[in-house]
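The analysis underlying the following values was restricted to heavy atoms, covering all of them including side chains, and did not include hydrogens, waters or symmetry mates. Note that this is a predicted model, so its numbers are computed, not measured.
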Amino acid sequence: MADEDLTPEPDAPERDPDTADMFGDPAPAQPAAAPAPAGNAAYTVIARKYRPRTFEDLYGQEAMVRTLRNAFAAGRIAHAFMLTGVRGVGKTTTARLLARALNYQTDAVDAPSLDLAVEGRHCRAIIEGRHMDVLELDAASRTGVGDMRDLLDGVRYAPVEARYKVYIIDEVHMLSTGAFNALLKTLEEPPPHAKFIFATTEIRKVPVTILSRCQRFDLRRVEPEDIIRNLQMILEAEGVRVEAEGLTLIARAAEGSVRDAQSLLDQAIVQAEPGQTVPAALIRDMLGLADRAGTLDLFELVLKGDPGGAVSAFRHLYALGADPAQVVLDLMEHVHGASVARAVGPQALALPKDQAARLAAAGAAVSAPILARLWQMLLRAHEEVGRAPDPAAATDMALIRLAHAADLPGPEEALKLLRNGESPGGGSVPGGGGGGAGQGGAARALSPQASPQASPQLEARQAPTLQTFEDLVARIDAERDIALKLDVERFVRPISFRPGVLEFEPAPGAPANLAQRLVGRLKAWTGQPWLVAAQGGGGAESLWERQTREARETRAEIAQDPFVLSVIEAFPGAEVVQIRHLPPPEPALVDDLAEEAGED
């Protein structure tokens, strides 16, 4: 080292010309990077973009918000909250809103408050998940007792900058037994500056010892009307148009979850070209749903006991891409809707008016035991379709069974018919399609006294087919049902009529149970099931309205008759009070009068 000469050579350059000087020489200029195209910008999905920022934005949870508002106003704020409900109803969102409300602070307000319209000092940090006094734990990934102890070690320390130190534990039911035990002591004697907010979808898996120390809020499923209202708000903000029926399909598919509905809407928006309205047909295809009108037609064919028509209708839906399992589920929904409409009324169905009217008519056409039987058979059919090697063939077999069973009487009705010496089989379907032939043979085997004389009695009891609406009114008159006749003449405005089906517009003041009464009477009189549907409009005049109009026209015509005018002119103050149509005289009386006139 001592012999080494460290003196720089006089001709050597001070630095490498290819090396940038860190003190003086600027770095060589680099070409400017091209701006990223707009399409590569990070897209925020609708479920995150429109997450509620205030308690007023929570849809369908008015009861919980009212309770919290009263508790905050009275200063009775619990130290632990348990939020439970199905997915997507707002549990985590409510937890973050509660953390903001507990630490709400502005220049004018320095107290816990649920009025979050004005953003507080800590709100932005809590929303973005970076506030040091609001700790959020996912129990699904940190379930051990060690994780819980690490989290609770800081509970005894005061918050750094906020009012409360808030612990949000999502999916709390997934904590281990040891973690629950570690949490229990802290929940029992919490420090005054600590608040706990738990969220879970499985409330039954949470120990009772934890539940008893929390204030519980059950976030209920959001009604389809509220979901549609939320989706309409989003569409207006996004400048996108979707058909109303499509929004209804999304709301039904979401099953009470706002987040699921928003995710489906995000997917539905891209189904059409930009600037165009998204049709309901595309949304139906996206959801894998069958045509609602087609499944309703299929349901009506099943109720009529027409297995051939039901199988043909299903194969048409299957050719259009409908899933057999989904068709069975739709039939189950129709049975449920018809039963509810029969018990409560069509207004209880969250469906369009025309579909609700059709389901109400279908429910009125059959008895409650038949609907219950169809429900049980569809439950079994759904299992069979799910495990069958050929789901379409399993659905065919299920529809044939349903169509045959739809016309069979219940056990009590069958026993009553057997006692009366009649066949309990159906017979409303031509060729025995409704299962009546086989059941009738069984009845004759079970009941020896049901001799061939029973068939003429049954045929005599069955009335001929009603071909027109006038035939129906005449039938009611022949049965001497005065109350029903008066209601039909006054309130039924017929739209269409064919044997077994009547569609009418109810006149103002029509009884709510008029369609149901008609179905019951007509089935008893004709021995066949009837579909009577009350539509919203388009009906002709009722018989009473037609008679009133004709009487008014006749009165006006008679009032202009020259003879009547001369009488009124001769007798001032006279008026036409009543018009009577005298029956024509009998032929014998006319001959006698003619003979007397000839003699005179």
Side-chain angles (χ1 to χ4, degrees), residues 37-53 57-60 86-90 93 221-299 313-314 316-334 337 349-359 536:
N40 294 337
Y43 172 68
T44 304
V45 297
I46 287 178
R48 290 185 55 198
K49 184 177 180 180
Y50 293 95
R51 173 170 283 178
R53 298 299 179 91
D57 296 337
L58 289 174
Y59 283 83
V86 299
R87 69 193 187 284
V89 294
T93 299
R221 293 178 183 268
V222 183
E223 296 295 331
E225 295 81 5
D226 295 331
I227 293 179
I228 292 175
R229 185 157 50 90
N230 176 257
L231 298 182
Q232 289 174 342
M233 180 271 296
I234 294 174
L235 290 174
E236 184 177 354
E238 294 288 326
V240 182
R241 296 188 303 273
V242 177
E243 287 186 358
E245 184 181 353
L247 294 181
T248 303
L249 293 173
I250 292 176
R252 289 179 59 247
E255 296 180 350
S257 172
V258 178
R259 186 179 64 232
D260 287 2
Q262 292 174 348
S263 300
L264 291 174
L265 180 65
D266 216 342
Q267 183 180 356
I269 288 177
V270 298
Q271 296 296 318
E273 297 294 331
Q276 296 182 357
T277 301
V278 181
L282 291 180
I283 296 178
R284 185 180 293 108
D285 294 339
M286 178 192 77
L287 298 175
L289 301 177
D291 184 14
R292 190 76 177 182
T295 56
L296 273 174
D297 294 338
L298 176 60
F299 179 57
F314 163 68
H316 175 70
L317 294 174
Y318 185 69
L320 295 177
D323 183 18
Q326 186 62 46
V327 172
V328 176
L329 287 176
D330 286 349
L331 289 176
M332 293 177 67
E333 289 186 9
H334 296 335
L349 303 180
L351 294 172
K353 291 183 178 180
D354 57 339
Q355 298 179 9
R358 292 181 65 180
L359 285 178

Note: Ala261 and Ile250 closest approach over all heavy atoms is O-CG2, 3.6 Å
Could you check Arg252 against Ile227 for side-chain contact (heavy atoms from CB on, under 4.5 Å), going step by step and ending with a plain yes or no? CA-CA 9 Å; Arg252 289 179 59 247; Ile227 293 179; over 6 Å; no
What distance do Gln267 atom CD and Gln271 atom CD have between them, rounded to the nearest 0.5 Å? 6.0 Å
Are Leu265 and Val240 close enough, and set up right, to give a side-chain contact (heavy atoms from CB on, under 4.5 Å), and what steps lead you there? CA-CA 11 Å; Leu265 180 65; Val240 182; over 6 Å; no
Is the shortest heavy-atom distance from the side chain of Leu359 to the side chain of Phe299 under 4.5 Å? yes
Any donor-acceptor pair under 3.5 Å linking the side chain of Arg241 with the backbone of Gly275? yes
Test salt bridge (Lys or Arg N to Asp or Glu O under 4.0 Å) applied to Arg221 and Asp226, step by step: CA-CA 10 Å; Arg221 293 178 183 268; Asp226 295 331; over 6 Å; no
Pair Gln262-Asp266, side-chain donor/acceptor within less than 3.5 Å: no
When rounded to the nearest 0.5 angstrom, what distance separates CG in Leu58 from OG1 in Thr93? 7.0 Å
Could you pull out the closest heavy-atom pair between Pro224 and Ala251, with the gap in Å? O-CB, 4.0 Å
Nearest 0.5 Å please: distance from the OG1 atom of Thr248 over to the CG atom of Leu231. 10.0 Å
Residue pair Pro324 / Phe314, side-chain heavy-atom distance below 4.5 Å: yes
Would you give the length of the straight line joining atom OG1 of Thr295 to atom CG of Leu329, rounded to the nearest 0.5 angstrom? 11.0 Å
Ile283 and Gly246 have their tightest heavy-atom pair at CD1-CA, 3.6 Å
Looking at every heavy atom in both Ala254 and Leu264, which two are closest together, and how far apart are they? N-CD1, 4.4 Å
Considering all heavy atoms, the nearest Val278-Ala268 contact: CG1-O, 3.5 Å
Euclidean distance, Ile269 CD1 relative to Ile46 CD1, rounded to 0.5 Å: 3.5 Å
Looking at OH of Tyr50 and CG of Asn230, how far apart are the two atoms once the value is rounded to the nearest 0.5 Å? 10.0 Å
Lys49 backbone acceptor or donor facing Thr44 side chain under 3.5 Å: no
In sequence, state the C-alpha distance, the side-chain angles, and the governing distance for Asp260 and Arg87, and then conclude on side-chain contact (heavy atoms from CB on, under 4.5 Å). CA-CA 8 Å; Asp260 287 2; Arg87 69 193 187 284; 2.7 Å; yes
